[in-house]
Amino acid sequence: MLSKLADSTPAMPGLMLASAAGSDSQRTLYPYVTGTSVVGIKYKDGILLAADMGGSYGSTLRYKTVERMKPVGKHSIIGASGELSDFQEIMRYLDELILNDNMWDDGNSLGPKEVLNYLTRVMYNRRNKFNPLWNSLVLGGIKNGKKYLGTVSMIGVHYEDNHVATGFGNHLARPILRDEWHDDMTFEEGVKLLEKCMRVLLYRDRSAVNKLQFHSETLINVNDKLLLLSTAFEWLSKMPKFYTHKQIAKITEEGVTISQPYSLKTFWGFSAFQNPTVGAEGSW
Amino acid sequence: MTKQQANWSPYDNNGGTCVAIAGADYCVIAADTRMSTGYSILSRDYSKIFQLADKSLMASSGFQADVRALQKVLAARHLVSYLSFIYQHQHNKQMSCPAMAQLLSNTLYYKRFFPYYAFNVLGGLDSEGKGCVFTYDAVGSYERVGYSSQGSGATLITPFLDNQLKSPSPLLLPAKDAVTPLSESEAIDLVKTCFASASERDIYTGDKLEIVILNASGIRREYLELRKD
C-alpha cells in the first residue's frame, strides 16, 4: 500500500525516498556505462554531429566502439551522452514513435523539431517521477529545407541554437563554436571546426577517446550519378587512400550518412610538456 | 546500510530576469534572452515571454523545463476541455487578463508539494483596456500591481522601479491603484535602463532584451542588445 502511494503520487522528495523497499531499487540513482560529449553544428546543407565512440564504466574505458549517434526517421539524427542503456531505451521509444508515424501513411513525417519536442516531454516526465533517463541528447535534422538543431538535458531543459554540445562540450567546445561558427559553412569547413572541438575535448576530457564518429546526410554527384552519400562512402572506402578510422555524421535534405570511425592526429611534443617542472623545481 | 540518497536534483536555475509595467492604456512586458546553468551560458537567444491569450502575456524566469511545462498547461487550459469546462468555447470569448491571472495562480498551487520552479510576471490589458500586471511566487501567491520584476535581477531592478515610476508604491495601505502615469515611450525607455543596469551586476542577465508592448492597437516587439559577458 505504501509503495503504491509512493509510486503514484511523487510528492515530497523525502516521502519518495522513505517508501517501502522494492520501489526504490527501480529508480535510477547514478549512471553506470556512460558516453561523453556530443557536439553539433548547422552548416550550409544541413547538420553535422560529432561524438567519440567510447563507453566508460566509471574511470575504466570499457567499450571502444559505441555508436552514440543514430538516424531517426527520415529527417533527423540523435546523439546522446550519459548512460548508454538509457540511450538504448530512448531509441526503442523513438522506433515506436517513427513506426506509428509511418503507419498513418499520410505522406507526412515527423521533423526534427517534433522529435525533439517528444523527447523533451519524455525526459521531463521521467524527471517528474524521480526516475530520470540519465542522458543529454542532441537532435539535429532538416525538413523542407529548414535546418533544426536542439538539445535536451536529463531534467528536461531544452533549447535550440546554431551549435550545441553536451557535457564537457558545453565548457570546451561552445566557446570555440561561438568564436568561429558562421552561417553557411561548407561541409569541409564544418568538419574542420568540429574536429578542432573534438581535439580539444580529447586533450582535456579524461573520458574522451580518440575514435570519432561523424554523422551526415547528403546527395553527392559521383560520375554524373547522384548517390546517397552512405553508398558513396562504401564505394570510396574501397579506394586505398580514403579515411578509414573516422566517423562523421551529417544530415542534409537528402538523407543521413554516417562515416566510418577514424582518429584525430594529436601532438604531445609541446616544450612545456617535455619538461613540465622546469619553472618550479620539486613539483610534479 | 544507510538508505541511498538521490545525487541529482530535479531542479535547476536557468536564470534571467523579467519586468512588467502597467500604464493607463498599455502594458510593457520585458525579459532578457539569456539561458544559463551554473556558470555556463546555454543560449543567448531564448525567449521567456509567452502569449497566453489575446490580451495576456506571461514572462517567467527560473527552471526552464518547468516554465515550458507551465506555459503548455496554461495554453491547454485556455483552449481545451477540463472537467467539461472549456473556457474559450463555453464563454465564446478569450480569457481576460484578470481571469488568466487566477488560472495561473490555481495552476501553480496545484503543484504546491512539488512546485513549478517558475517566477512569473503576468502582463496585459483588463476588460476596460487599462494596463494590468500580476506578480507571482513559485506556488501561486499573487496580487495585482502597477509594476513588478522577478528573477535573478529582480533585487537590482525593483528598488529602481520603486523610485522612478512615480506611481504609488504597491506597499501602501490602503492599496492605491499603482498604474504609472508615464507615457508608453517613457516606460519603454525605463525598462531598457533597468536591464542595462541589471546586466552590469547580475551574471545571469544579459545578451539581449525582448520587450513586448501591448496596447489598444495590438502587440509589438522591440529588441535591445545587452552586455554579453
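Remember, it's a predicted structure, so these values are computed and weren't measured experimentally. Computed over heavy atoms, backbone and side chain alike; hydrogens, waters and symmetry mates excluded.
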Novice: Please set out all donor-acceptor pairs under 3.5 angstrom arising from side-chain atoms of residues 32-41 of chain A, sequence neighbours excluded.
Specialist:
| residue | atom | partner | partner atom | Å |
| --- | --- | --- | --- | --- |
| Thr36(A) | OG1 | Asp205(A) | OD2 | 2.5 |
| Ser37(A) | OG | Gly169(A) | N | 3.2 |

Novice: Counting only heavy atoms closer than 4.5 Å, note whether Met154(A) contacts chain B via side chain, backbone, both or neither.
Specialist: side chain
Novice: So for Asp66(B), is it side chain, backbone, both, or neither that comes closer than 4.5 Å to the heavy atoms of chain A?
Specialist: both
Novice: For a quick check under 3.5 Å, do Glu210(B) and Thr33(B) share a side-chain donor-acceptor pair by atom type?
Specialist: no
Novice: For Tyr39(B), is it the side chain, the backbone, both, or neither that has a heavy atom closer than 4.5 Å to a heavy atom of chain A?
Specialist: neither
Novice: Check the pair Glu189(A), Lys44(A) against salt bridge (Lys or Arg N to Asp or Glu O under 4.0 Å), reporting the backbone distance first and the verdict last.
Specialist: CA-CA 10 Å; Glu189(A) 286 177 326; Lys44(A) 187 157 64 89; over 6 Å; no
Novice: Compile the donor-acceptor pairs under 3.5 Å between side chains in residues 112-119 of chain B and protein atoms, sequence neighbours left out, one pair per line.
Specialist:
none

Novice: Between Glu180(A) and Lys192(A), does a salt bridge (Lys or Arg N to Asp or Glu O under 4.0 Å) hold up when you go through it step by step?
Specialist: CA-CA 11 Å; Glu180(A) 300 187 19; Lys192(A) 228 168 137 231; over 6 Å; no
Novice: Would a line drawn from the ring center of Tyr46(B) to the ring center of Tyr159(A) be shorter than 6.0 Å?
Specialist: no
Novice: Which residues, numbered in order, of residues 83-91 of chain A come under 4.5 angstrom of chain B by heavy-atom distance?
Specialist: none
Novice: Please state whether the side chain, the backbone, both or neither of His158(A) comes within less than 4.5 Å of a heavy atom of chain B.
Specialist: both
Novice: Considering only residues two or more places apart or on different chains, which pairs with a residue in residues 195-209 of chain B satisfy salt bridge (Lys or Arg N to Asp or Glu O under 4.0 Å)?
Specialist: Arg34(B)-Asp207(B), Arg44(B)-Asp207(B), Asp45(B)-Lys208(B), Glu200(B)-Arg227(B)
Novice: Count the heavy-atom pairs under 4.5 Å between each of Gly156(A), Pro132(A), Ala165(A) and chain B, then report the option with the highest count.
Specialist: Pro132(A)
Novice: Counting only heavy atoms closer than 4.5 Å, note whether Arg174(A) contacts chain B via side chain, backbone, both or neither.
Specialist: side chain
Novice: By a 4.5 Å heavy-atom criterion (distance strictly below it), what part of Ser40(B) contacts chain A: side chain, backbone, both, or neither?
Specialist: side chain
Novice: Between Ser109(A) and Asp101(A), does the side-chain contact (heavy atoms from CB on, under 4.5 Å) criterion hold? Intermediate values first, please.
Specialist: CA-CA 6 Å; Ser109(A) 48; Asp101(A) 187 39; 3.8 Å; yes
Novice: Think Arg68(B) forms a cation-pi with Phe63(B), using NZ or CZ under 6.0 Å from the six-ring centre and within 45 degrees of its axis?
Specialist: no
Novice: Would you mind checking which part of Thr37(B) comes under 4.5 Å of any heavy atom in chain A, side chain (CB onward), backbone (N, CA, C, O), both or neither?
Specialist: neither
Novice: Would the Trp8(B) and Phe130(A) ring centres measure less than 6.0 Å apart?
Specialist: yes
